[in-house]
Engineer: 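The structure is given below, and queries will be raised subsequently.
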There are 2 protein chains.
Amino acid sequence: MQRVSDTSRSPGYDPAPTNSRALIVDSIRSAGTVSRVELTQITGLTAPSVTTLVRRLIDDGLVDEAGRGSSTGGKPRTMLRIRAAARYVVGVHLSADSLTYVLVDYAGAVVARWRRAGPGDDSDPEQVVERIAAETTELIERSGIDASLVLGLGFVCPGPLIRNRGVTSAPPSMTRWVGFPIHRRLEERLGLPALLENDATAAAAGTRLTTSHDVSVMAALFMSEGIGSGLRLNGNVYQGAHGNAGEVGHICVQIGGPQCWCGSTGCLEAIAGPATVVAKARAAGLDLGSPRRTGVAAFAAIARLALTGDSRAEAILRDSASWLALGAQTITNMYDVQLLVLTGPAFAVAGTIYLPVIQERILSSSFGRAVNTEVVLDERGHDAAAIGAALMMLRSERAISA
Amino acid sequence: MQRVSDTSRSPGYDPAPTNSRALIVDSIRSAGTVSRVELTQITGLTAPSVTTLVRRLIDDGLVDEAGRGSSTGGKPRTMLRIRAAARYVVGVHLSADSLTYVLVDYAGAVVARWRRAGPGDDSDPEQVVERIAAETTELIERSGIDASLVLGLGFVCPGPLIRNRGVTSAPPSMTRWVGFPIHRRLEERLGLPALLENDATAAAAGTRLTTSHDVSVMAALFMSEGIGSGLRLNGNVYQGAHGNAGEVGHICVQIGGPQCWCGSTGCLEAIAGPATVVAKARAAGLDLGSPRRTGVAAFAAIARLALTGDSRAEAILRDSASWLALGAQTITNMYDVQLLVLTGPAFAVAGTIYLPVIQERILSSSFGRAVNTEVVLDERGHDAAAIGAALMMLRSERAISA
DNA sequence: CCACTATATTCACAGACCTAACAAACTCAG
DNA sequence: CTGAGTTTGTTAGGTCTGTGAATATAGTGG
């Protein structure tokens, strides 16, 4: 009797790239180098299928043979790897105070990175499109790669959005973005496919998994100017009905709590987000450098103070961390993940303060699970969203059937 | 240029039943009656494929032709429907104070329902297996259906579980269930495939979608003895890494809140769950019938008082509802669903009190989304979990490749 | 009764993927 | 050094799914 309940090890809802070619490319990319035998195990395809698919990928110049493995008593394995220079993608992360570009090769490695000051408060979206297009072109030119190898551009920004339609709501600093279909405009302007994604969701896609064991279900807790999260299942991100899943910054953690820009009250972001942390620090008289310094830059100044022994700064951040820990607990309860990664610019500068607080809460609220959720810090937090945007583009159909 | 971003209308993570036969069966089942042309649109398959697949299903006795549609200028459509009597599945919902059985036919309709008093506090799991096996057999016999047509049994219970291994943690009333692989024991005892699922997750699968527009991403907020939720994507439930996704009852909604049986503090369930509501009502001196009456029965007594004008009962329930609304807000923020259904025995008796409170909060915390999440009450709340368990069994591979 | 239209089917074919048999490249015992 | 043994990878042939093009079916309206 075949037991139905043996369909284990999947999150119930299995992404299953229907396309074997994409499956092979993905498997090689995430493994680094693999042999064909290993691919049969990873993908579940038979050896002949792997042979055929790999041959085509080699013929198309997307995959290379990369020497031999050592023998284990028989023919040594022929190792395969992605031909990194075969294609490229660009990832762009826009936030109010910075604009981050990354150029990612076909193997998924970052080959160029460029951070610029943000377009500033409430700038004209059309002008920003022009600027991004120009800077993207410049990034590609200066990298010395063949522009025709660039497959597309992933664009991420904060704030809720309607997939394929644009931002629907935005923090006070970016109100003119509401309803502006930026990815469409970028497509027209650059002549490249573009995708639009929420920063936190993209960050989940951009996180490198460095854990020992297999992680198929993971989430990213993302903090930049706002707080968000993303869920990743076997490499695919979950976007929700309208592309706004994971808005952990706007769950209510305190009845009757402060008003949030989103219209609700008691939101995690309003209570413990970077903007609030900065406001508290200023109110406490901390010196954050220039009084014009805002956003993540100001938050980073607080983190530096805390890390150099300023107890007031530390107390403010620890308080924020205790609230973030509630958000993390919500993520693990709702998503049931194996791994939670703290990422984004804010965690990149203050992660070491937040991490232990969050870990402790996850441990103590583990709900009697046999397996505890691991919580780690992303070492690429600053660029995770941009990298994730690029990787999402890379994983799209278009990037494989070329 | 093919635009990658045009892969819209999916929640990012697409379940895509790889099996076309299953896809056709599912489509017919959820549509009720459809023609082949409509199936080509729904499934994306070509007309010849639909023809072939449908012919086989008819040959196998799983699908029937059901008359003609009206002509729109040409040949009228031949309507198809699931042959309801082709197969059956059983769903069982165990909670501390009740045991619910449903027999569901191949079309997904409930053909028999049986509710019995629960096995009582902390009873021996082996004895409960015996009882469930005996009562399942009796249910099938009394229904007069051919027992060989029963495909399997879906079993749901509260509490976190490890998929395929059994319950890992349980409320105080059911501690002896921890680690007991009940679905395996039921499989052995009944000679039928069995699956084990969380009650709230199953309820999401068991909810009938009665909304006008297409709903591909929905969640269930489930309240029985505890509080949970389930996420359903195009008919498939999301289970998470260990089968414990959606534990909204154990998110923290109040820092420093009361201790919960799960080991954490400030959990939604500890603050506003039925057990707490009952305790508050008793403390307030409300007459809930027999003092031995516990669980949902006691909760139902409070609901009856509230609905017949007892203002103290109503106040207690409204307070609970305001907390549940936070949970609902968390669900919509984390999952980004089109529809949220309130279901489970507790909502079945008190839903009309909870619904407006929850709706109001979802509206006011809608986060500037273009589309608001609809919140409705499930009219089958009492049996939703058992029905869902049966439907999940029905949708399993085994149920189709027969 | 005859065009016209929408629905459904037949047929030949392309492609994906499988099984089975085979070839290649190493190790190691004698 | 040689050949058996082992592991890796390929070739050949077949099955199955699903497709496009052409065709059959069953209505409507003039």
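In what follows, chains carry the letters A, B, and so on, assigned in the order in which the sequence lines appear, proteins first and then strands, with residues in each chain numbered from 1.
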Engineer: What string of B, S and - do you get for nucleotides 19-30 of chain C, 5' to 3', if B is base contact, S is sugar-phosphate-only contact and - is no contact with any protein heavy atom under 4.0 Å?
Structural biologist: BB---BBBS---
Engineer: Please check the phosphate of dT25(D) (OP1 and OP2 only) for any side-chain N or O of R77(B) closer than 4.0 Å.
Structural biologist: no
Engineer: What residues form a side-chain hydrogen bond (donor to acceptor under 3.5 Å, both in side chains) with T46(B), not counting sequence neighbours?
Structural biologist: S49(B)
Engineer: Could you check whether atom CZ of R81(A) has more than 12 heavy atoms from other residues, nucleotides or ligands sitting under 6.0 Å from it?
Structural biologist: no
Engineer: dT17(D), dA16(C), dT10(C): which one has an atom nearest the side-chain heavy atoms of R56(B)?
Structural biologist: dT17(D)
Engineer: Rounded to the nearest Å, what distance is computed from the CG atom of residue L80(A) to the C1' atom of nucleotide dT8(D)?
Structural biologist: 12 Å
Engineer: Within this structure, what is the CG-CG distance for the pair L39(A) and L80(A), rounded to the nearest 0.5 Å?
Structural biologist: 6.0 Å
Engineer: Quick one: I58(A) CD1 to dT10(D) C1', roughly how many Å, whole number?
Structural biologist: 13 Å
Engineer: With sequence neighbours left out, what residues match S30(B) under side-chain hydrogen bond (donor to acceptor under 3.5 Å, both in side chains)?
Structural biologist: none
Engineer: Please identify each residue that fulfils side-chain hydrogen bond (donor to acceptor under 3.5 Å, both in side chains) with T51(B), with sequence neighbours left out.
Structural biologist: none
Engineer: Rounded to whole Å, how long is the line connecting atom CG of N19(A) with atom P of dT17(D)?
Structural biologist: 19 Å
Engineer: Looking at the side chain of T78(A), which of dG9(D), dT11(D), dT10(C) is the nearest nucleotide?
Structural biologist: dG9(D)
Engineer: For M79(B) and dA26(D), give me the distance from atom CE to atom P, rounded to whole Å.
Structural biologist: 17 Å
Engineer: Measure the distance from CG on L53(A) to C1' on dG9(D) and round it to the nearest whole Å.
Structural biologist: 14 Å
Engineer: Which residue pairs pass the salt bridge (Lys or Arg N to Asp or Glu O under 4.0 Å) test with at least one member in residues 37-57 of chain A, sequence neighbours excluded?
Structural biologist: E38(A)-R77(A)
Engineer: Heavy atoms only, 4.0 Å cut-off, all strands: where does T52(B) land among base, sugar-phosphate and nothing?
Structural biologist: nothing
Engineer: With salt bridge (Lys or Arg N to Asp or Glu O under 4.0 Å) as the test, pick out the partner of R83(A) among D59(A), D64(A), D105(A).
Structural biologist: D64(A)
Engineer: Is the side chain of T201(A) donor-acceptor paired with the backbone N or O of E197(A) at a distance under 3.5 Å, no angle test?
Structural biologist: no
Engineer: Please list, by residue number, the residues of residues 36-45 of chain B whose heavy atoms come closer than 4.0 Å to an atom of DNA chain C; answer none if no residue qualifies.
Structural biologist: R36(B), V37(B)
Engineer: Okay, side chain of R68(B), backbone of T78(B): is any donor-acceptor separation there less than 3.5 Å?
Structural biologist: no
